[in-house]
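The block underneath contains the structure these notes are about, expressed in structure tokens.
Here the structure is a predicted model, which means the values were calculated and not measured. The first residue of the sequence shown is numbered 1, and numbering continues consecutively from there. Just follow the structure's listing: the first ligand is 1, and inside any ligand the first atom is 1.
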Amino acid sequence: MKRALVLALAVTAAGITYAAIKYNPADTEQWTPDPPVISAIAGEPPSDAVVLFDGSSLEAWTTRDGDAPEWLISDNNLEVVPGSGDLLSKQAFCDLQLHLEWKAPTSDPNATGQQRSNSGVFLQDRYEVQILDSYQNQTYVNGQAGAVYKQTPPLVNAMLPPESWQSYDIIFTAPRFEGDTLTKPAHVTVLHNGVLIQNHTEILGNTVFIGQPSYSAHNCAPIRLQDHRNTLYYRNIWARPL
Ligand code: MG
């Protein structure tokens, strides 16, 4: 076993002395517990992911009223049906990693700002990471794609043009409550098309359209996809509870 010999300098009242200290590399090695072994093939959900949409069914989703969603599956993609309501995952999540891909259709030239292919992914049914066609589309910056809605703009605008598939990879740490009291706010990290756009951003509370964000205590809750009465497409949605 290798040992490193280090001379440490010590200053005492009697003057400078040298002491030999032995360090063992094994002192700082941790051998257990073993991280679980998973399979992670690029472009596919990891083996420990909860697959929420793989192109085949909406079995993992429901509506606010608990009905079967009316959103369409076409060409293995999930299409927002404007006016049919939001989609909520049947499973509730706390801390999680979430992957989803989305595509805005060719822009309606008359649709501007928040009306251009607006949707959104709400973490725990409350905290929206905005989805919008923000390609050459001006709006308030904390409402563009990748914003924590009405709170924090993305670090950069990583949008691709309409008709391009785009990805969000989201790491979400849920807020902590003791009784009704917030003890730790939520945080979110987002990569848009592989680019960091939210870096452990503190979430200030529910992402509301009007007024200031605030927290109210809650438990684990569904992922919600927004029907903002605009057409948008999703595919490859999976989550890993953390
Ligand atoms: Mg939205």
Flag this pair as yes if the NZ/CZ of Lys184 is under 6.0 angstrom from the six-membered ring centre of Phe177 and inside a 45 degree cone about the axis; otherwise no.
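No, Lys184 does not lie over the aromatic ring of Phe177.
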Regarding [X] and [Y], do their side chains bring together a donor and an acceptor under 3.5 Å, going by distance alone?
| X | Y | result |
| --- | --- | --- |
| Glu178 | Thr183 | no |
| Gln144 | Gln114 | no |
| Ser119 | Tyr234 | yes |

What is the name of the N/O/S atom of Glu128 that is nearest to the Mg ion (ligand 1)?
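Nearest N/O/S atom: OE2.
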Tell me whether Gln130 has at least one N, O or S atom under 2.8 Å from the Mg ion (ligand 1).
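Yes, Gln130 qualifies, because one of its backbone or side-chain N, O or S atoms lies under 2.8 Å.
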Just to the nearest 10 degrees, tell me the angle at the Mg ion (ligand 1) spanned by Ser119 O and Asn118 OD1.
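If I round to 10°, I get 80°.
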